[in-house]
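Below is one structure, written out as structure tokens; the observations come after it.
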Number of protein chains: 2
Amino acid sequence: MNLKALSEKLGLSPTTVSRALNGYPEVSDATRRRVLDAARRYHYRPNTRAKSLATGRTMSIGHVIPLSTKHEMVNPIFADFIAGAGETYSRAGYDMSLSVVRDEDEARVYRELAQNRSVDGIIVHGPRVDDPRIGLLQELGLPFVVHGRASETGAGYSWLDVNNRRAFARATRFLLDLGHRRIGLVNGIETMSFAHRRRLGHEDALSAAGIGPDPALMRAGEMTEPYGHAAACEMLELDRPPTAFLTSSFLAAMGVRRALEDRGLKPGRDVSILTHDDVLSYLANEGDVPLYTAVRSSVRAAGRRCAEMLLDIVTDPDHAPIQEIWEAELVLGQSTGPAPA
Amino acid sequence: MNLKALSEKLGLSPTTVSRALNGYPEVSDATRRRVLDAARRYHYRPNTRAKSLATGRTMSIGHVIPLSTKHEMVNPIFADFIAGAGETYSRAGYDMSLSVVRDEDEARVYRELAQNRSVDGIIVHGPRVDDPRIGLLQELGLPFVVHGRASETGAGYSWLDVNNRRAFARATRFLLDLGHRRIGLVNGIETMSFAHRRRLGHEDALSAAGIGPDPALMRAGEMTEPYGHAAACEMLELDRPPTAFLTSSFLAAMGVRRALEDRGLKPGRDVSILTHDDVLSYLANEGDVPLYTAVRSSVRAAGRRCAEMLLDIVTDPDHAPIQEIWEAELVLGQSTGPAPA
DNA sequence: AATCACACCCAAAGCGCTTTGGATATATCG
DNA sequence: CGATATATCCAAAGCGCTTTGGGTGTGATT
């Protein structure tokens with residue numbers, strides 16, 4: 001059942017039927033009702049490809065996922081982000097198109113998407129420090145929103161970021177206030193913008209307290225449970241081990257916890273753990289008193305909002321760049337306590 | 001730069017250029033080379049929408065993700081599956097189209113996809129016992145592959161499943177052999193086909209050993225860490241607590257471990273844990289001796305394979321249904337040991 | 001020299017939709 | 001009543017590609 005068939009059934013021209021369906025004013029209310037009725041009765045669905053060929057708009061948003069050997073983008077954080085963005089898209093009638101591409105193909109794919117407008121806009125995931133993708137996309141004129149930020153100022157393009165620097169400064173400050181002086185930082189890969197900022201925040205708070213950064217107490221790596229475990233194990237072997245850990249992800253925090261328990265140390269009493277919590281749906285940190293003290297910001301909510309921002313920009317091409325920075329909340333859980341004497 | 005422009009530059013008709021690019025034989029080698037050359041030089045990329053409108057093929061595969069309030073499909077397992085499937089798609093030049101849809105819209109979305117062929121085929125995620133989607137898709141004539149199985153026989157459609165029943169029977173048998181008689185089952189939601197089968201496998205092994213199933217030792221729920229923790233806590237409060245746990249996911253196993261550690265119990269010595277392991281990239285169960293004893297099957301590999309199967313079916317419409325069942329391997333880790341006397 | 005078979009190329013239709021630029025009928029107005 | 005709006009509809013072109021159904025020129029065959 002296509003437009004032509006439907007219009008024949010109605011004894012109208014395709015033009016009129018198209019206008020009736022798309023809410024143009026040049027059609028009487030009576031006919032419009034008749035058309036809408038028939039469309040429903042015959043289960044008419046416009047062919048999206050034909051529609052987008054004619055209009056130039058595709059009603060679909062691209063997410064390009066680098067398939068790196070070095071770095072795993074398809075991670076749990078990504079999944080929750082997608083879920084959030086997907087909600088927004090489906091409400092607005094948009095589709096989501098995922099391309100998993102090897103690093104070396106990434107630029108090519110962007111150019112391709114831009115050249116024949118396969119998508120109306122794209123979301124940039126996992127920005128690195130001074131990420132080249134931003135410049136490329138600006139040059140290509142393809143609307144985009146970055147989840148995170150690539151540069152310090154983040155001027156000239158749209159992004160939504162958590163105030164990672166402030167969050168980690170606050171977290172560190174909180175641990176310092178509890179008397180901790182040796183804090184192990186278990187960070188993400190620091191070429192990633194978010195991890196870089198977290199590192200800076202951590203050092204901000206340390207230096208404000210007159211403490212110099214200690215490389216022995218800092219790790220950067222893929223944020224997995226085994227990584228958290230390994231990092232904590234190493235640091236706990238030091239002559240003067242940390243009395244607290246600050247981790248960049250929930251999974252890493254779980255690894256740290258395991259390292260403590262290996263040694264019969266109790267989190268929150270013997271050693272404190274403070275983690276960033278992305279509020280992943282299947283890693284809830286809830287309960288009367290949450291398990292972990294955490295700086296918290298929902299990545300799913302971020303997905304929803306990024307998608308909204310992008311749709312705004314896509315529907316209004318001269319929309320000014322939208323930039324949003326979210327403050328993480330610091331929630332108290334069971335995993336922190338005063339530094340042991 | 002489109003076909004027409006390119007053909008003008010070459011002084012050829014669009015027909016010939018199209019044929020040259022798509023490898024038809026009706027064009028001389030010399031012209032073909034000339035065309036391919038020019039295409040590269042001018043960065044010509046055929047417009048996918050126009051192409052698919054003309055051919056009827058879209059070069060894209062749909063993944064429909066139910067956005068349920070009850071059940072969270074966008075979970076870590078899903079992310080890894082997507083990563084695997086995405087690899088296959090990108091190699092074959094296909095795109096992946098994700099639709100996050102509310103439960104009540106699911107059938108509508110399938111009908112829509114089928115009616116105007118927005119995708120060449122789809123992957124069905126998270127089949128439930130006697131899942132109505134199978135029948136619907138068969139009726140719609142849209143090629144599809146199920147990750148899992150909906151019915152016992154699984155006849156008449158394509159699927160790739162882990163032998164969940166056998167895996168859990170083996171796992172249970174293994175625990176029984178170690179002397180465990182009270183085994184806590186921490187399963188997924190049992191309306192899901194995979195969880196249902198795992199339950200059956202568990203009971204197979206129990207009854208083979210002359211042990212009746214004990215409802216007090218069985219839980220079914222969303223496979224999260226807190227769920228694993230809560231389930232284990234409850235069971236450990238029983239008068240005769242289990243000496244071993246069999247869990248359906250790595251995250252749940254981590255919750256169980258935490259419950260043990262809360263009580264000062266050591267996994268593998270005081271209480272055993274055996275889990276299903278999907279070999280998620282960020283939850284590696286590796287090392288000289290893995291942390292957990294597990295029945296293991298990579299969901300990422302499954303994603304790759306499902307995508308391959310679907311592409312086979314899509315490219316050859318009269319392809320017979322492909323059905324594959326994978327045996328999980330049972331790997332020994334540190335989390336199991338003989339039942340305490 | 002006429003015939004045939006190829007190899008090579010092209011014009012034009014068609015995929016399903018939107019949109020431009022009228023056409024026609026009805027209502028409004030001086 | 002004729003002129004002018006206004007409301008309602010339509011024919012046809014166009015989006016960028018593929019594909020059908022020829023057409024033309026060359027060399028081989030008779």
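Chain letters run A, B, ... following the sequence lines, proteins first, then strands; residues in each count from 1. Quick caveat: nothing in here was measured; it's all calculated off a predicted structure.
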Roughly how far, to the nearest 0.5 Å, is [atom2] of [Y] from [atom1] of [X]?
X         : Y         : atom1 : atom2 : value
Arg305(A) : Leu310(A) : CZ    : CG    : 11.0 Å
Ile123(A) : Met309(A) : CD1   : CE    : 8.0 Å
Glu139(B) : Arg111(B) : CD    : CZ    : 5.5 Å

Quick one: [X] [atom1] to [N] [atom2], roughly how many Å, whole number?
X         : N       : atom1 : atom2 : answer
Lys4(A)   : dC17(C) : NZ    : P     : 11 Å
Met59(A)  : dC15(D) : CE    : P     : 22 Å
Arg117(B) : dT18(D) : CZ    : P     : 20 Å
Asn2(A)   : dG16(C) : CG    : P     : 5 Å
Asp29(B)  : dC8(C)  : CG    : P     : 8 Å
Asn116(A) : dC17(D) : CG    : P     : 8 Å
Leu3(A)   : dG14(C) : CG    : P     : 17 Å
Leu6(B)   : dG16(D) : CG    : P     : 14 Å

Within a strict 4.5 Å, meaning less than it, do heavy atoms of the Phe144(A) and Arg133(A) side chains meet?
no
For residues Asp161(B) and Trp326(B), determine if any side-chain heavy atom of one lies less than 4.5 Å from a side-chain heavy atom of the other.
no
I want to check one thing: is the phosphate of dC8(C), taken as OP1 and OP2, less than 4.0 Å away from some side-chain N or O of Thr31(B)?
no
Answer yes when Asp37(B) and Arg34(B) have at least one side-chain N-carboxylate O distance shorter than 4.0 Å, and no when they do not.
no
Less than 4.0 Å between a side-chain N and a carboxylate O, is that true for Arg108(A) and Glu112(A)?
yes
Expected string for nucleotides 19-28 of chain C under the B/S/- scheme (protein heavy atoms, under 4.0 Å, primed atoms plus P, OP1, OP2 as sugar-phosphate) is BBB-------
Residues in contact with DNA chain C, drawn from residues 34-51 of chain B - heavy-atom cutoff 4.0 Å:
none
Assess the pair His63(A) and Tyr89(A): is the distance between their ring centroids shorter than 6.0 Å?
yes
Nearest heavy-atom neighbours spanning Ser97(A) and Ser60(A):
CB-OG, 4.3 Å
